[in-house]
Amino acid sequence: MKILVLNCGSSSIKYKLIDMKSGESMATGTMEKIGLKGSVLKHTRRDGQLVLFEGEILEHQVGIEYILGVLTSDKHGSIKDLEEIDAIGHRVVHGGESFNSSVLITKEVIDKMEECIDLAPLHNPPNLKGIYAMQDLLPNVPQVGVFDTAFHQTMPDFAYMYAIPYSLYKKYGIRRYGFHGTSHRYVSKRVCEFLNVEFEKQKIITCHLGNGGSITAIKNGESIDTSMGFTPLEGLVMGTRAGDLDIGAVTYIMEKENIGTASANTLFNKHSGLLGISGISSDNRDLAKAATVDNNERAALALKMFQYHIKKYIGSYIAALGGLDILVFTGGIGENSDFQREAICSDMEYLGISIDAGKNNGCYGIERVISTDSSKAKVVIVPTDEEFMIAKDTLSIVQKLIK
Ligand code: ADP
């Protein structure tokens with residue numbers, strides 16, 4: 001069975017065609033700058049060769065048609081005919097309280113997704129555009145929606161509620177939803193396969209650290225708390241996002257700087273975090289170089305803040321879980337940055353976390369246990385694979401249809 005995974009963002013489309021029988025990636029790519037000048041498609045063929053296409057792509061449907069054309073082309077394609085695609089799995093950012101697992105896309109599901117637009121006005125509309133485009137282009141192929149929020153729907157009310165008037169929860173659905181759910185679910189399950197332990201019996205903390213970052217506490221197979229909240233802005237210090245911040249500071253800044261909600265959103269989402277503190281870059285590698293080679297103090301401060309916040313979350317989630325069996329690192333930083341993992345885990349022995357420098361140093365993007373043999377909790381690097389998780393969900397839903 002061949003499954004096409006689509007992740008449609010506001011100006012980009014990421015895709016991966018997977019042969020589920022062999023698990024092989026048949027093609028993968030990203031189309032960027034949709035609706036802007038100089039759209040570009042970076043397509044990696046089955047043989048691993050990267051091909052670039054440049055042109056003007058004005059909207060998602062045209063972009064998807066273009067991608068399908070490349071996937072079936074004689075020169076760069078992986079399939080002869082579109083009929084070889086058995087199902088499509090879509091990444092959908094926000095499922096609100098309506099979706100606690102992946103679903104077959106039907107008219108009713110789309111109606112509910114439309115209702116969630118208010119909660120994710122930047123993300124859900126392009127996700128829906130991808131769904132509409134595929135319904136148009138391949139009307140007979142089943143489509144499945146996989147939600148970033150779904151895994152966190154198991155959080156108890158006392159963890160997901162904010163202490164604001166209850167009426168605001170009822171009226172607008174203001175609560176913690178959490179994001180990166182597909183990644184947290186994938187790495188937490190994968191680490192249990194890797195360690196050969198039962199997922200349903202573990203206390204796990206997963207740290208997804210990329211440009212965006214979040215931490216999740218998983219008890220007996222269920223997410224019980226996560227650092228992102230009503231929006232993906234809450235929680236850790238991220239590349240350009242502020243993370244946790246006193247609401248009083250927000251209103252104060254808005255008043256003093258005389259800015260409205262749109263500018264405040266941009267300030268806290270795009271000009272804060274590592275970039276805001278360092279004034280140099282949102283990128284972990286740039287900051288590491290600036291801090292060590294150039295002795296840049298603000299870069300060093302940004303990195304320290306990043307590590308300190310993660311440490312605090314790990315401590316609080318050990319309290320929430322009542323212990324810890326496994327700590328997982330994933331995402332661009334979690335998978336590749338040994339100095340970050342070392343700093344985050346330093347002086348945590350009393351919480352059962354002790355990493356082995358020999359195993360940690362120089363470990364990039366591979367599955368590996370990096371804790372010492374005597375560490376109470378296993379510390380493990382697990383490269384995330386959200387596309388594979390989406391394809392797996394899609395497969396299991398579509399297989400039920402056939403039965
Ligand atoms: P996104 O959230 O956009 O998917 P990624 O998961 O790709 O982001 O993570 C991007 C971050 O990972 C950047 O800060 C980058 O510097 C960091 N990163 C990627 N590779 C390495 C590496 N080899 N060493 C250190 N940091 C890395």
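Note that the coordinates shown come from a computational prediction; the quantities given were computed from them, not determined experimentally. Ligands are counted one by one from 1 in listed order, and the atoms in each one are counted from 1 as well.
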Among F99, F230, F179, F147, the one residue meeting ring pair (Phe, Tyr, Trp, His ring centres under 6.0 Å) with H94
F179
Do E342 and F339 come within less than 4.5 Å of each other through their side chains, counting heavy atoms only?
no
Between H208 and S183, is any side-chain donor less than 3.5 angstrom from a side-chain acceptor?
yes
Strictly distance-based, threshold 3.5 Å: is any side-chain N or O of N211 a donor or acceptor partner for the main-chain N or O of G239?
no
S337, any N or O under 3.5 Å of ligand 1 N or O
no
Nearest protein heavy atom with distance in Å, relative to atom 18 (N) of ligand 1:
G332 O, 3.6 Å
Nearest-option assignment for atom 15 (C) of ligand 1, heavy atoms, candidates D283, N336, D286
D283
To which of L274, N284, T384 does the heavy atom nearest atom 26 (N) of ligand 1 belong?
N284
State whether a side-chain donor-acceptor pair under 3.5 Å links T216 with T226.
yes
Donor-acceptor pair, S375 side chain versus K378 backbone, under 3.5 Å?
no
Measure from atom 19 (C) of ligand 1 to every heavy atom in E386, Q340, R285 and give the option owning the shortest one.
R285
Short list, please: which atoms of ligand 1 are under 4.0 Å from a heavy atom of I333?
11 (C), 12 (O), 14 (O), 17 (C)
H76 and F53: aromatic ring centres closer than 6.0 Å?
yes
Subset of ligand 1 atoms that lie under 4.0 Å from at least one heavy atom of G212
2 (O)
Going by the order shown, which atoms of ligand 1 are within less than 4.0 Å of some heavy atom of G210?
2 (O), 5 (P), 6 (O), 8 (O), 9 (O)
In this structure, atom 8 (O) of ligand 1 is nearest to the protein heavy atom N211 N, 3.1 Å
